[in-house]
Amino acid sequence: MRKRKRGWSRGTIIVIIAIGFLFAGVFVSNYFQANAAGKPSNHGKNESIKRAMAKGPTTESIVRNTKDLMIEKEWMHKQQDKAISWRNQQNQVPETNTTETAAAQPATEETATPQPPEKESNAAQPEQNNTQPQGNNKTVYLTFDDGPAPFSGDIIAALEQYQFKATFFMIDGNIRRYPDAVKLMVQNGETVGLHSVSHNQKVFYASADSIISELTQNRNTLKEISGVDSYIMRTPYGSVPYMTPEYRQAVTDNGYLMWDWNIDSKDWYYKDARYVDSVIEQLNKLADHNGPIVILLHERQETLAHLPALLDYLSKQGYEGKAIDSSMTPVQFSAR
């Protein structure tokens, strides 16, 4: 007999190969599972972001934002306090709380960045005009600033009821906004005058050219709407302290007649019936005054509400209300 060949049989080799493939498969499977566990998918990241957004801002960010808002509000209140304190020093009126701020700017195109106090009537005393013929020292000149307004007709009606005339210093934008009110003033014999375009201290008083430019535009608009070419004017907030000698000369050279006042009703401050008492008190102090008595008022709803009371007092005291005309020497604050 032949001897059998030594070595592994074919079946044994196949079994060994199969076992090798099995171990290799297990190794590869474990490798990929380990990698998958170490690297989170994008889907997981998106879910984390969504959960964070749903929770909203952190407590730290809320505290920080709230603190910033409180600081901003505190700054605004300080600015209001400064403005009111400055205005009270100038006008010698009692202190008030921070909620009663300076009067709002008229309804014109300019924005309301922090504005200077509305009027500075006591910053300087008006010049005495001893040569101005009056004939009747019981004459008063009511002047209304910042108009016209939707209720200008009601102001005129109140004046007519007491047979008073007045002077209206008007802003360019308001003239165009309420042209019928301007025409009614002219028809009723009121005097119409100029009160700037911007009604903004920084813009109007920037230079002599800016003053003349605004007055010229204001005058042209008034002439276009009413047919009246008026050179009677009042500067925003009064002539002191902003009208320098150079500015005054420019106004004079261009033919404008600048008017201030010697009684400030403070209707812009009180915004109620107290302005009537303020006028009466100041009027009594001017009992021996030689020259025009010019009363500052504004076209405001609060002023209109108590205007009949003022007119009734003036009428019963024998005062006659007249409108300013171009033949008169203007009442002006003394230049510094």
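The main-chain N or O of Ala323 is never found under 3.5 Å from a side-chain atom of Thr191 such that the two would form a donor-acceptor pair. Under a 3.5 Å cut-off, the side chain of Asn254 and the backbone N or O of Ala250 do form a donor-acceptor pair. Judged by distance alone, with hydrogens and angles left aside, the side-chain atoms of Ser226 form no donor-acceptor pair with the main-chain N or O of Lys183 at under 3.5 Å. Side chain of Thr303 to backbone of Glu299: no donor-acceptor contact under 3.5 angstrom is found. Within the 3.5 Å criterion, the main-chain N or O of Pro292 finds a donor-acceptor partner in the side chain of Asn262. A distance-only check finds a donor-acceptor pair linking the side chain of Thr252 to the backbone of Arg248 [under 3.5 Å].
Taking the ring centroids of Tyr256 and Tyr231, they lie under the 6.0 Å cut-off. Between Phe169 and Trp259, the gap from one ring centroid to the other reaches at least 6.0 Å.
Arg234 and Asp260 are not joined by a salt bridge, as no carboxylate oxygen comes within less than 4.0 angstrom of a charged side-chain nitrogen. The pair Asp312-Lys316 meets the salt-bridge criterion, since a charged nitrogen lies less than 4.0 angstrom from a carboxylate oxygen.
To the nearest 0.5 Å, atoms OG1 (Thr139) and OH (Tyr319) are separated by 9.5 Å. Rounded to the nearest 0.5 Å, atoms CG (Leu283) and CD (Gln317) are 8.5 Å apart. For the atom pair CD of Gln161 and CG of Leu311, the computed distance is 8.5 Å after rounding to the nearest 0.5 Å. Rounded to the nearest 0.5 angstrom, Ser265 OG and Ile295 CD1 are separated by 8.0 Å. The CG atom of Asp264 sits 7.0 Å away from the OG atom of Ser278 when rounded to the nearest 0.5 Å. With values rounded to the nearest 0.5 angstrom, Ser239 atom OG is found 7.5 Å from Tyr205 atom OH.
Nearest heavy atom pair, residue Pro330 against residue Leu257, reads CG-CB, 4.2 Å. Residues Pro148 and Tyr178 come closest through the heavy atom pair O-CD1, 3.4 Å. Closest heavy-atom contact between Ala208 and Tyr247: N-CE2, 3.3 Å. The nearest pair of heavy atoms linking Leu159 to Ala166 is CD1-CB, 3.7 Å. Nearest heavy-atom pair across Ser230 and Gly193 is OG-CA, 3.9 Å.
With sequence neighbours left out, Glu160 forms a side chain to side chain contact (heavy atoms under 4.5 Å, CB included) with Ile156, Lys165, Asn188, Glu190. Judged as a side chain to side chain contact (heavy atoms under 4.5 Å, CB included), and not counting sequence neighbours, the contacts of Asp154 are Phe151, Leu304. Under the rule for a side chain to side chain contact (heavy atoms under 4.5 Å, CB included), the partners of Asp209 that lie at least two apart in sequence or sit in another chain are Ser207.
The side-chain heavy atoms of Asp180 and Leu184, taken from C-beta on, include no pair separated by under 4.5 Å. The shortest side-chain heavy-atom distance between Trp261 and Phe333 falls under the 4.5 Å cut-off. Side-chain atoms of Leu194 and Leu222, non-hydrogen and from C-beta on, do get closer than 4.5 Å to each other. Side chains of Met170 and Met185 form a contact here, defined as non-hydrogen atoms less than 4.5 Å apart. Asp272 is not listed as a side-chain neighbour of Glu302, based on a closest heavy-atom distance of 4.5 Å or more. No side-chain heavy atom of Thr143 sits less than 4.5 Å from a side-chain heavy atom of Leu297. Looking only at side-chain heavy atoms (C-beta outward), Met233 and His195 stay at 4.5 Å or farther from each other. A 4.5 Å side-chain heavy-atom check between Tyr275 and Leu307 finds at least one atom pair inside the cut-off.
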- Could you walk me through whether Asp267 and Arg300 pass salt bridge (Lys or Arg N to Asp or Glu O under 4.0 Å), step by step? CA-CA 8 Å; Asp267 60 345; Arg300 294 178 174 274; 5.4 Å; no
- Query: Could you go step by step and tell me if Ile211 and Met243 meet the side-chain contact (heavy atoms from CB on, under 4.5 Å) rule?
  - Reply: CA-CA 10 Å; Ile211 293 173; Met243 288 295 286; 3.8 Å; yes
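Side-chain contact check for Asp145 and His298: no donor-acceptor pair (N or O, by modelled atom type) lies under 3.5 Å. Judged purely by distance below 3.5 Å, without hydrogens or angles, the side chains of Gln249 and Asp253 pair a donor atom with an acceptor atom.
Results of the side chain to side chain donor-acceptor pair (under 3.5 Å) test with His199 over Thr235, Asp146, Asn174, Asp172 single out Asp146 as the only residue that passes.
The hydrophobic clustering, which links ILVMFWY residues whose side-chain heavy atoms are closer than 4.5 Å, places Val203 and Val197 apart.
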